Amino acid sequence: SQQGEEDPQALSIQEGENATMNCSYKTSINNLQWYRQNSGRGLVHLILIRSNEREKHSGRLRVTLDTSKKSSSLLITASRAADTASYFCATDVAGKSTFGDGTTLTVKP
Amino acid sequence: DAMVIQNPRYQVTQFGKPVTLSCSQTLNHNVMYWYQQKSSQAPKLLFHYYDKDFNNEADTPDNFQSRRPNTSFCFLDIRSPGLGDAAMYLCATSRGRNVDETQYFGPGTRLLVL
């Protein structure tokens, strides 16, 4: 089934460093969304990028989309301890979202 | 604040004993979803309601049922929970099923099956 695959599975960095996580998918999509999930909680929507867009910014977040490579990346700049969470990409095909397995980010103070 | 609420946050049940999880929303959204999420895995869509129209995923076991008595509430019924059904259950809503819709998630109910 259509699914985003994320890389790396886990990432550990120091506060202030940048964190980059990647998502690859298999078939054409309408859009791709990134969500954050704090431990034991629900998902929170971060950003949506449409298939005809290449880059979007929201605060310290930067998302890129390369439809030729079927991949997206999420960059968090100047990370903070509060950014510690799991990050999921979700691909949208015909209005239905499918989530990847996520990247677990740990930001050490 | 408008939100998606799930009760209870933690649910313990016995093997084979029916259990019901609850979700309510104050967003007045048309669509309500139920996801199952096992440890370190992606949320997996079980089914969703578009208004009163029920949409089941092809691989959702018959053991899982859902009810949506009104716009605000949606229930997940597990008729005979097995050990493999222990997971986090996430409820989400969206305004519609158009492209570019954002889903709003509740905090989840963690189910433990003894």
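Keep in mind it's a predicted model, so treat the numbers as computed, not measured. Letters A, B, ... mirror the listed sequences (proteins, then strands); counts begin at 1.
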Peer 1: So, does B/Gln103 use its side chain to make a donor-acceptor pair with the main chain of A/His45 at under 3.5 Å?
Peer 2: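 Side chain of B/Gln103 to backbone of A/His45, a donor-acceptor pair under 3.5 Å: no, none is there.
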Peer 1: Between A/Arg41 and B/Arg9, does a side-chain contact (heavy atoms from CB on, under 4.5 Å) hold up when you go through it step by step?
Peer 2: CA-CA 10 Å; A/Arg41 307 287 295 183; B/Arg9 294 293 315 281; 3.1 Å; yes
Peer 1: Taking all atoms of both residues into account, what is the closest heavy-atom pair of A/Phe88 and B/Ala42, and its distance?
Peer 2: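 Closest pair (atom of A/Phe88, atom of B/Ala42, distance): CE2-CA, 4.1 Å.
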Peer 1: So which heavy atom on B/Glu101 is nearest to which on A/Gln33, and how close?
Peer 2: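 It is O-NE2, 3.0 Å.
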Peer 1: Cluster question for you: counting only ILVMFWY and a side-chain heavy-atom cut-off of under 4.5 Å, with indirect links fine, are B/Leu45 and B/Met88 together?
Peer 2: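 Yes; B/Met88 is reachable from B/Leu45 via cluster members.
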Peer 1: Within a radius of less than 6.0 Å around CG of B/Asp62, do more than 12 heavy atoms belonging to other residues, nucleotides or ligands occur?
Peer 2: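 Incorrect, the count does not exceed 12.
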Peer 1: Please say whether more than 12 non-hydrogen atoms of neighbouring residues, nucleotides or ligands are located less than 6.0 Å from CZ in B/Arg95.
Peer 2: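 No, the 6.0 Å shell around CZ holds no more than 12 heavy atoms from other groups.
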Peer 1: Between B/Phe105 and A/Gln37, is the side-chain contact (heavy atoms from CB on, under 4.5 Å) condition met? List the steps.
Peer 2: CA-CA 10 Å; B/Phe105 283 80; A/Gln37 184 178 34; over 6 Å; no
Peer 1: Which atoms of B/Tyr104 are under 4.5 Å from chain A, going by heavy atoms: the side chain, the backbone, both sets, or neither?
Peer 2: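 Looking at B/Tyr104, nothing touches chain A.
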Peer 1: Name the region of B/Gln37, side chain, backbone, both or neither, that has any atom closer than 4.5 Å to a heavy atom of chain A.
Peer 2: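 The side chain, not the backbone.
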Peer 1: Which heavy-atom pair separates A/Gly100 from B/Pro43 by the least distance, and what is that distance?
Peer 2: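 Looking at all heavy atoms of both residues, the shortest contact is O-CD, 4.4 Å.
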Peer 1: Should the heavy atoms of other residues, nucleotides or ligands under 6.0 Å from CD of A/Glu55 be counted, would the total exceed 12?
Peer 2: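 Yes, CD of A/Glu55 has more than 12 neighbouring heavy atoms, counting only those of other groups under 6.0 Å.
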Peer 1: Counting heavy atoms not belonging to A/Gln14, are there more than 12 under 6.0 Å from its CD?
Peer 2: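 It does: A/Gln14 CD has more than 12 such atoms within range.
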Peer 1: Quick check: are there more than 12 heavy atoms from other residues, nucleotides or ligands sitting under 6.0 Å from CZ of B/Phe54?
Peer 2: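 Yes, the 6.0 Å shell around CZ holds more than 12 heavy atoms from other groups.
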Peer 1: Does any backbone or side-chain atom of B/Ser94 lie under 4.5 Å from a heavy atom of chain A? Answer side chain, backbone, both or neither.
Peer 2: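 Looking at B/Ser94, nothing touches chain A.
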Peer 1: Group every Ile, Leu, Val, Met, Phe, Trp and Tyr by side-chain heavy-atom contacts under 4.5 Å, then state whether B/Val31 and B/Phe47 land in the same group.
Peer 2: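 As far as the 4.5 Å side-chain criterion goes, B/Phe47 and B/Val31 are not connected within one cluster.
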